Amino acid sequence: MTSLTCFGVVVALLPAIGPATSFAQSAPPSSGLDVPTTKLLAIGTFTAKGSPDQWKPLLPAEVRDTVRLYLAGKIDQWYLKQDQSGVVFMMNVTDPKEALELLGKFPFGQAGMMEFQIIPLGPIAPLRVLLAEPAK
């Protein structure tokens, strides 16, 4: 097989061999493909309390807090979801509890207007198979 084909097979197998996606679950048995968490993806979605009339007055303070975390190196990238239902942060934090604590201090979080889903991310471990020396 060509390297590109091998890569395609590895990527296709990721869901079957990857770790559990929820940090709240107990850790799965080690598969030899374990990787460290290097970043967190934080997906924020407005709650029913987060109507524009409610969040607009808090927006300047929310942005200031976001900039503070960015300047502190905790937020690496930040985006608005295209449907404008919330935000997405790529965070330089490895502990989901720390991320929730930091984001929960924002005005929208304090007012119960935004909730976050935290997804731990790490290197693509199955790429290790590409490093193995071919059989002779």
Side-chain angles (χ1 to χ4, degrees):
M1 282 196 280
T2 67
S3 293
L4 187 55
T5 303
C6 285
F7 181 73
V9 169
V10 169
V11 171
L13 291 174
L14 282 176
I17 61 178
T21 57
S22 173
F23 68 87
Q25 297 176 349
S26 62
S30 177
S31 64
L33 298 175
D34 298 331
V35 296
T37 297
T38 57
K39 292 201 181 269
L40 294 177
L41 182 66
I43 303 172
T45 304
F46 284 111
T47 65
K49 294 180 183 180
S51 67
D53 290 342
Q54 298 297 314
W55 62 254
K56 280 183 183 179
L58 298 177
L59 187 58
E62 184 81 8
V63 172
R64 281 191 298 275
D65 284 355
T66 304
V67 171
R68 285 185 186 104
L69 278 188
Y70 170 77
L71 293 173
K74 298 290 186 178
I75 291 178
D76 185 44
Q77 300 172 38
W78 38 326
Y79 302 94
L80 176 66
K81 291 167 61 177
Q82 282 296 87
D83 64 2
Q84 298 188 16
S85 65
V87 296
V88 177
F89 299 132
M90 183 66 68
M91 299 187 72
N92 293 323
V93 176
T94 58
D95 181 4
K97 290 178 185 174
E98 179 186 1
L100 287 172
E101 183 180 310
L102 290 168
L103 298 170
K105 293 178 182 176
F106 283 15
F108 290 177
Q110 291 290 313
M113 288 189 248
M114 186 166 283
E115 296 176 335
F116 280 90
Q117 176 188 10
I118 304 296
I119 303 169
L121 303 173
I124 303 171
L127 290 176
R128 288 188 180 116
V129 301
L130 298 177
L131 300 175
E133 294 294 324
K136 294 183 182 185

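Just so you know, residue 1 is the first one in the sequence shown, and it goes up from there. Remember, predicted model here, so these are calculated numbers, not experimental data.
- The side-chain heavy atoms of Tyr79 and Val87, taken from C-beta on, include no pair separated by under 4.5 Å.
- Between the side chain of Thr45 and the backbone N or O of Glu115, no donor-acceptor pair lies under 3.5 Å.
- Contact annotation: the side chain of Leu103 never approaches that of Met114 to less than 4.5 Å [non-hydrogen atoms, C-beta and beyond].
- In this structure Asp53 satisfies the side chain to side chain donor-acceptor pair (under 3.5 Å) test with no other residue, sequence neighbours excluded.
- Within the 4.5 Å cutoff, the side chain of Phe116 has no heavy atoms near those of the Leu40 side chain.
- Here the CD1 atom belonging to Ile118 is positioned 13.0 Å from the NZ atom belonging to Lys97, to the nearest 0.5 angstrom.
- Of all heavy-atom pairs spanning Val35 and Ala125, the tightest one is CG1-CB, 3.2 Å.
- Summarising the geometry, atom CZ belonging to Arg64 is positioned 10.5 Å from atom CG belonging to Leu58; distances are rounded to the nearest 0.5 Å.
- For Pro52 against Pro57, the heavy-atom pair with the smallest separation is O-CD, 4.5 Å.
- By the side chain to side chain donor-acceptor pair (under 3.5 Å) test, Tyr70 is found to be paired with no residue, residues two or more places apart in sequence or in another chain being considered.
- Classification of the Phe89-Phe106 ring pair by plane angle, with boundaries at 30° and 60°, yields perpendicular.
- Using a 4.5 Å cut-off on side-chain heavy atoms (C-beta onward), Ile75 and Thr66 make contact.
- Residues in residues 68-89 take part in these salt bridge (Lys or Arg N to Asp or Glu O under 4.0 Å) pairs, two or more places apart or across chains: Lys39-Asp76, Asp65-Arg68, Lys74-Glu98.
- By the 4.5 Å heavy-atom criterion applied to side chains, Ile43 and Ile119 are counted as neighbours.
- With a 4.5 Å cut-off on side-chain heavy atoms, Thr94 and Pro120 do not count as touching.
- Across all their heavy atoms, Val93 and Ala99 have their closest contact at CG1-N, 4.1 Å.
- Annotation for Gly104 and Gln110: closest pair O-NE2, 2.8 Å, computed over non-hydrogen atoms.
- In this structure, Leu100 and Lys105 have side chains that are not in contact, with every pair of non-hydrogen atoms separated by 4.5 Å or more.
- Inter-residue side-chain proximity for Lys49 and Gln54 is flagged as unmet; no heavy-atom pair is nearer than 4.5 Å.
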